[in-house]
Every structure is written in structure tokens, then in C-alpha cells.
**Student:** 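Got a structure for you, questions after.
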Amino acid sequence: MSLANKETYAFQAPARVFRLGERTDFASRRVTVTSHNNRWWANLQARFDDLCALEPGWDGYRGKPVNFTVATFAANLLERIFVPGLTEPALVPGSDGTLQIEWHKNGYDVEIDVLGPNKVVALRYDHRSDSEEVSELENDFSILLSWVNELAAARENAEAAIS
């Protein structure tokens with residue numbers, strides 16, 4: 001995989017300040033580009049960069065790099081569903097430029113297919129009860145937060161059982 005200069009990556013840490021335009025009416029305006037402020041972001045930032053910089057055909061066929069808009073939406077979604085104490089998810093590229101966010105922990109599989117902004121298919125499988133839930137989501141992602149909270153609680157319960 002050939003990666004661009006690190007300076008041009010889409011997901012760079014911490015916030016940077018840029019001046020808009022060369023016109024005098026914009027010269028004094030500034031735009032702050034904020035960064036995400038959770039532990040997942042620190043661990044996933046390089047992965048987002050790598051997935052957006054994949055070479056066409058990365059999968060041996062016609063695989064596309066992860067679409068920047070998809071990656072940005074996924075990063076913002078992860079910011080909203082962050083649960084302290086839970087390890088960050090795996091990020092898996094789709095050959096069509098989409099992105100899958102996955103946890104396989106504590107008897108649960110949680111998979112979030114980010115097809116585009118506000119276009120998400122989420123799946124949760126509970127290995128203990130052999131039950132599966134699938135949701136197509138557009139605007140309300142609260143079910144994902146509840147699933148991630150339950151995943152974190154299952155981790156805490158498993159740790160308590162070991163102690």
C-alpha cells in the first residue's frame with residue numbers, strides 16, 4: 001500500500017487553525033478544525049488515514065479506498081457512542097468504499113456498516129441466547145449507544161466473575 005505524505009492525511013490530531021481565503025473581507029476570520037477527544041480516536045486515527053489512502057484494487061479486484069465522507073461520518077458516530085473502558089472497535093474497509101465498525105467481545109458481535117452519512121445498517125448477535133437484531137438507521141443512533149453500553153457492561157460482569 002502506498003501512503004501519501006502524513007501531512008496530507010484527512011484525520012490529523014489535534015485541532016488546527018486555518019485562515020480562509022486571500023480576500024480581505026475573510027482575512028480576519030478563522031476556522032477551527034476540531035479533533036475527537038476520546039481514547040478510541042487516539043487509537044483509530046492512523047487506521048482511518050490508512051483506509052482512506054488504500055490503493056484502488058487493494059482487495060485484488062476493484063476495491064475502492066474508504067470514502068472520506070463515510071470515514072468522517074463513522075468517526076463522528078464513534079465520538080457519540082464512545083463508552084469509557086471499552087476497547088476501540090475494529091475498522092474494516094468495504095470494497096465499495098464503505099466502512100464496517102466491529103466489536104466481537106464478551107459473547108456479543110456488534111457490527112455497524114456505514115454505507116454513507118446517515119445510512120447505517122447495524123447488527124448485534126448474542127452468542128449466549130443465539131439471538132440477532134438488525135437495524136437500518138438514518139437519524140436516531142441511540143440503539144447503537146445502548147448496544148455499546150451493554151457490551152461494556154458484559155465486559156465488567158465478566159471481569160467481576162473472574163475476581
Side-chain angles (χ1 to χ4, degrees), residues 1-21 26 29-56 58-59 63-106 108-126 132-156:
M1 164 178 26
S2 164
L3 298 177
N5 179 338
K6 191 119 179 126
E7 306 302 316
T8 63
Y9 277 11
F11 295 97
Q12 296 180 14
R16 303 198 191 303
V17 177
F18 297 94
R19 291 202 182 275
L20 285 178
F26 289 110
R29 292 188 188 178
R30 291 176 181 241
V31 174
T32 301
V33 179
T34 59
S35 63
H36 299 277
N37 296 313
N38 65 57
R39 189 178 58 80
W40 290 350
W41 180 249
N43 295 333
L44 293 175
Q45 178 183 355
R47 181 74 175 142
F48 272 109
D49 282 334
D50 291 346
L51 294 175
C52 288
L54 288 170
E55 292 287 333
W58 61 266
D59 61 351
K64 300 176 185 175
V66 171
N67 181 288
F68 177 72
T69 305
V70 168
T72 301
F73 182 81
N76 289 329
L77 179 61
L78 284 172
E79 179 78 12
R80 302 299 181 257
I81 64 173
F82 173 74
V83 175
L86 185 62
T87 58
E88 69 275 356
L91 302 178
V92 181
S95 61
D96 58 353
T98 60
L99 180 69
Q100 189 167 34
I101 301 167
E102 300 180 0
W103 286 271
H104 302 283
K105 297 187 179 303
N106 310 319
Y108 287 101
D109 294 334
V110 175
E111 298 178 357
I112 304 167
D113 287 319
V114 181
L115 308 175
N118 295 341
K119 189 171 183 176
V120 172
V121 177
L123 172 136
R124 178 174 68 165
Y125 180 74
D126 183 341
E132 181 178 274
E133 293 177 66
V134 178
S135 294
E136 291 184 20
L137 308 170
E138 293 180 355
N139 294 311
D140 182 2
F141 299 94
S142 56
I143 193 166
L144 293 179
L145 181 57
S146 69
W147 289 0
V148 172
N149 278 320
E150 289 174 23
L151 188 62
R155 179 193 58 83
E156 290 170 5

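Please read these numbers as outputs of a predicted model, since none were measured by experiment.
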**Student:** Evaluate the ring planes of W40 and F82, with Trp represented by its six-membered ring, and classify them as parallel (under 30°), tilted (30 to 60°) or perpendicular (over 60°).
**Tutor:**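 If you compare the ring of W40 with that of F82, the planes turn out perpendicular.
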**Student:** Counting only heavy atoms not in E132 (residues, nucleotides, ligands), do more than 12 fall under 6.0 Å from its CD?
**Tutor:** yes
**Student:** With sequence neighbours excluded, tell me which residues meet side-chain hydrogen bond (donor to acceptor under 3.5 Å, both in side chains) with K119.
**Tutor:**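 Once residues adjacent in sequence are excluded, K119 has no partner under the side-chain hydrogen bond (donor to acceptor under 3.5 Å, both in side chains) criterion.
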**Student:** Measuring from E133:CD to I143:CD1, what's the distance to the nearest 0.5 Å?
**Tutor:**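 Going from CD on E133 over to CD1 on I143, the span is 5.5 Å.
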**Student:** What distance do W147 atom CH2 and F141 atom CZ have between them, rounded to the nearest 0.5 Å?
**Tutor:** 12.0 Å
**Student:** State the CG-CD distance between L78 and E88, to the nearest 0.5 angstrom.
**Tutor:**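 Here the rounded value is 10.0 Å.
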**Student:** Is a side-chain donor or acceptor of N67 paired with a backbone partner of T69 at a separation under 3.5 angstrom?
**Tutor:** yes
**Student:** Within this structure, what is the CG-CG distance for the pair L137 and L77, rounded to the nearest 0.5 Å?
**Tutor:** 9.0 Å
**Student:** How would you list, by chain and number, every residue that makes a side-chain hydrogen bond (donor to acceptor under 3.5 Å, both in side chains) with D109, sequence neighbours excluded?
**Tutor:** H104, H127
**Student:** Enumerate, atom names and distances included, each donor-acceptor pair closer than 3.5 Å involving a side-chain atom of residues 111-118, sequence neighbours excluded.
**Tutor:**
from : atom 1 : to   : atom 2 : distance (Å)
E111 : OE1    : Q100 : NE2    : 3.3
D113 : OD1    : Q100 : NE2    : 3.0

**Student:** Can you see whether T87 engages K105 through a side-chain donor-acceptor pair at a distance of less than 3.5 angstrom?
**Tutor:** yes
**Student:** I'd like to know if the side chain of R39 and the backbone of L86 have a donor-acceptor N/O pair within less than 3.5 Å.
**Tutor:** yes
